[in-house]
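Nothing here was measured: the structure is a model prediction, and the numbers come from that model.
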Amino acid sequence: SRQRMDKYRIIQCPVTTESAMKKIEEINTLVFLVDIKATKLNIKAAVKELYDVKCAKVNTLIRPDGKKKAYVQLTQDYDALDVANRIG
């Protein structure tokens with residue numbers, strides 16, 4: 001049977017605001033909008049599959065407009081700026 005949460009459903013889009021860009025540059029962290037039901041483990045796995053990078057940790061929060069945001073910190077071996085440029 002088809003898995004209910006696939007990687008494309010979990011990660012909806014990258015966030016490209018000023019503050020998100022700052023996080024990419026300074027603390028090697030990517031920011032995504034994710035499915036409201038996605039767990040941190042789901043998010044970690046999806047990022048690994050989609051962008052072929054290892055996550056050090058994942059922080060999530062739910063925005064006042066009801067969308068879930070995830071901060072995905074990459075391990076030292078990967079550069080968030082490179083990945084962000086690859087994503088677009």
Taking the side chain as everything from C-beta on, heavy atoms only, tell me whether Tyr51 gets closer than 4.5 Å to Val72.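 No, side chains not in contact.
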
Restricting to pairs with a member in residues 20-38, which pass side chain to side chain donor-acceptor pair (under 3.5 Å), not counting sequence neighbours?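 Qualifying pairs: Arg9-Asp35.
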
Shared hydrophobic cluster, [X] / [Y] (ILVMFWY, side-chain heavy atoms < 4.5 Å):
{"X": "Val31", "Y": "Met21", "value": "no"}
{"X": "Leu50", "Y": "Phe32", "value": "yes"}
{"X": "Leu61", "Y": "Leu33", "value": "yes"}
{"X": "Leu81", "Y": "Val15", "value": "no"}

Check [X] against [Y] and note the closest heavy-atom contact, atom names and distance.
{"X": "Val47", "Y": "Cys55", "value": "CG1-SG, 3.9 Å"}
{"X": "Ile36", "Y": "Gly66", "value": "CD1-O, 3.1 Å"}
{"X": "Leu30", "Y": "Ala80", "value": "CD2-O, 3.7 Å"}
{"X": "Lys68", "Y": "Ala38", "value": "NZ-O, 2.7 Å"}
{"X": "Ala56", "Y": "Lys44", "value": "O-NZ, 4.0 Å"}

Please identify each residue that fulfils salt bridge (charged side-chain N to carboxylate O under 4.0 Å, His left out) with Asp52, with sequence neighbours left out.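 By the salt bridge (charged side-chain N to carboxylate O under 4.0 Å, His left out) rule, Asp52 matches no residue at all.
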
May I ask you to decide if Arg63's main-chain N or O and Lys69's side chain share a donor-acceptor pair within less than 3.5 Å?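 A pair under 3.5 Å: no.
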
Testing Ile87, Asn85, Asp79 for side chain to side chain contact (heavy atoms under 4.5 Å, CB included) with Val83, which one passes?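 Only one option passes, and that is Ile87.
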
Under the side chain to side chain contact (heavy atoms under 4.5 Å, CB included) criterion, do Thr60 and Lys40 qualify, and how do the steps go? CA-CA 7 Å; Thr60 57; Lys40 290 182 183 183; 3.5 Å; yes

Once you round to the nearest 0.5 Å, how far does NZ of Lys57 lie from CD of Gln73?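 Nearest 0.5 Å value for the NZ-CD distance: 5.0 Å.
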
